[in-house]
Amino acid sequence: MTTKEKRDIFSRKHITPETAAYLGALTAPDEGYAAHVTAAMEKDGVRGLSVSAMEGRVLETFARLSCARKAVEIGTLYGYSAHWLARGLPDGSRLYTLEKDPACVNAAKDGVEASSLSRKITVMEGPAADSLKTLAKLAPFDLCFIDAAPDDAPAYLRWAAANLRPGGVVLAGGVFLAGAQGGGDGGAAEGATRAMREFFHILFDGDRFVSASVLPAGEGLAAGIRA
Ligand code: SAH
Ligand code: MG
């Protein structure tokens, strides 16, 4: 492997503006999925905090591949990523999505109801640490999507290691820390950078998870399979 290849593990040079525009046109109909949720986020100025439509599609893919019956999402916001995960989940399955902010919980519940997804999605209000304690009684889970505060990501990943079935999928969003991970100055707090290092140490140690990877989707999407 040449030094250049080592540095450019994502080969992002191939994502030219033309390629991005072309693929963007192919997935343009996705922008209309859960449009009432994106509209509510835009109105309240929080659209930038949720996954992109393409990242949502990747979440849907993982959900489908994992044949998940029981899934958990940490960090609901308005429920946009939950909508994508639910699209990949079969009938009779359930996604528990955890949110501490009461205003977000209300918005998410409204969005879920408007989509008639209450039969698949349960929004749980309160600190995720508390809800995860409750949910551990329902273990094992098939899929866990971590998308809350970076400082808490290592604890959530440990929960996933303890509560996913062997072969279960863990995903985590925002792992590039807006460019700060690995020493770039993206403005993320030092604590967040340290926490994400711990997170990656657990994900890549080969002990609790296998096939660990990071996709350059959205703000960095990490994935692993419970060993
Ligand atoms: N997954 C969402 C975006 C989540 S943004 C999407 O893509 O649509 C992160 C969310 O995590 C915020 O709404 C924030 O309130 C919530 N959050 C942060 N820390 C939390 C905690 N300790 N417990 C529960 N929710 C938390
Ligand atoms: Mg995000």
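The first residue of the sequence shown is numbered 1, and numbering continues consecutively from there. Numbering of ligands and ligand atoms starts at 1, following listing order.
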Any atoms of ligand 1 less than 4.0 Å from a non-hydrogen atom of [X]? List them with their elements.
| X | answer |
| --- | --- |
| Val51 | 6 (C), 7 (O) |
| Tyr156 | 21 (C), 22 (N) |
| Gly126 | 23 (N), 24 (C) |
| Ser50 | 6 (C), 7 (O), 8 (O) |
| Leu77 | 2 (C), 3 (C), 4 (C), 13 (O) |
| Ser81 | 1 (N), 2 (C), 6 (C), 7 (O), 8 (O) |
| Ala148 | 11 (O), 17 (N), 18 (C), 19 (N) |

Inset, instruction - Decide whether the shortest distance between a heavy atom of Ala129 and an atom of ligand 1 is less than 4.0 Å. - result: no
Legend entry - Min heavy-atom dist Trp84 to ligand 1 below 4.0 Å: no
Inset, instruction - Please report the closest heavy-atom contact between Ser66 and Val169, naming both atoms and the distance. - result: CB-CG2, 3.7 Å
Inset, instruction - May I ask you to check whether Thr19 and Thr16 show a side-chain donor-acceptor distance below 3.5 Å? - result: yes
Inset, instruction - For a salt bridge (charged side-chain N to carboxylate O under 4.0 Å, His left out) with Asp142, tell me which candidate from Arg165, Lys70, Arg226, Arg69 qualifies. - result: Arg165
Legend entry - Selected option - heavy-atom contact closest to atom 24 (C) of ligand 1, from Met41, Lys100, His83: Lys100
Inset, instruction - Examine Arg47 relative to Tyr78 and say whether NZ or CZ is less than 6.0 Å from the centre of the six-membered ring and inside a 45° cone about the ring axis. - result: no
Inset, instruction - Indicate yes or no: does Arg119 engage Asp91 in a salt bridge with an N to O separation below 4.0 Å. - result: yes
Legend entry - Lys109 bridged to Glu125 by N-O distance under 4.0 Å: no
Legend entry - Proximity of Pro127 to ligand 1 by residue part, where a heavy atom lies under 4.0 Å: backbone
Inset, instruction - For ligand 1, indicate whether the residue Thr76 contacts it via side chain, backbone, both or neither (heavy-atom separation under 4.0 Å). - result: backbone
Inset, instruction - For the pair Tyr80 and Trp84, name the ring-plane relationship: parallel under 30°, tilted 30 to 60°, perpendicular over 60°. - result: perpendicular
Inset, instruction - Could you tell me how the ring of Tyr33 sits relative to the ring of His83: parallel (under 30°), tilted (30 to 60°) or perpendicular (over 60°)? - result: perpendicular
